[in-house]
Amino acid sequence: MGLYAELRGFVLTHRECGVLRGASKPLEGGGLRLAVICPCGARFARSVSPHDPDAERLQEALAAFQA
């Protein structure tokens with residue numbers, strides 16, 4: 001399963017809990033550390049390589065959760 005599919009699964013599982021919040025942080029070497037946090041305490045956190053086929057889709061999806 002790819003990272004985008006994992007994120008989508010997390011969101012679908014936790015969408016009834018309340019507003020999900022997200023953040024991203026650049027990593028050395030061009031990667032990205034992303035996190036989505038649910039009000040119930042669950043957390044989706046992954047490091048994304050700039051070469052990951054889902055990298056661009058993940059950044060776009062994460063923008064929906066950033067405050």
Side-chain angles (χ1 to χ4, degrees):
M1 177 185 308
L3 287 177
Y4 184 80
E6 286 184 52
L7 174 60
R8 189 174 192 292
F10 180 86
V11 170
L12 291 173
T13 300
H14 292 278
R15 65 182 171 193
E16 298 297 323
C17 298
V19 177
L20 301 173
R21 298 287 181 212
S24 63
K25 177 181 176 182
L27 297 173
E28 288 186 32
L32 177 70
R33 181 74 178 160
L34 63 89
V36 176
I37 303 165
C38 180
C40 77
R43 176 183 207 95
F44 178 90
R46 302 287 187 281
S47 293
V48 182
S49 162
H51 307 293
D52 188 301
D54 288 334
E56 189 174 323
R57 287 176 71 188
L58 286 164
Q59 287 178 312
E60 291 171 5
L62 187 62
F65 302 107
Q66 292 177 325

Worksheet item: Where do S47 and L3 come nearest, in terms of heavy atoms and distance?
Response: O-CD1, 4.0 Å
Item to complete: Determine the minimum heavy-atom distance between L32 and P26, stating which atoms define it.
Response: CD1-N, 4.3 Å
Item to complete: Identify the heavy atoms of C38 and C17 that sit nearest to each other, and give their distance.
Response: SG-CB, 3.3 Å
Worksheet entry | Atom CZ of R33: over 12 foreign heavy atoms under 6.0 Å | yes
Worksheet, complete the sentence: Taken to the nearest 0.5 Å, the spacing of D54 CG from L7 CG works out to 10.0 Å
Worksheet item: Looking at F44, is R46 sitting on its ring face, NZ or CZ under 6.0 Å from the six-membered ring centre and within 45 degrees of the normal?
Response: yes
Worksheet entry | Hydrophobic cluster identity match, V11 and I37, side-chain contacts under 4.5 Å | no
Fill in: P39 side chain near L20 side chain, heavy-atom distance below 4.5 Å
yes
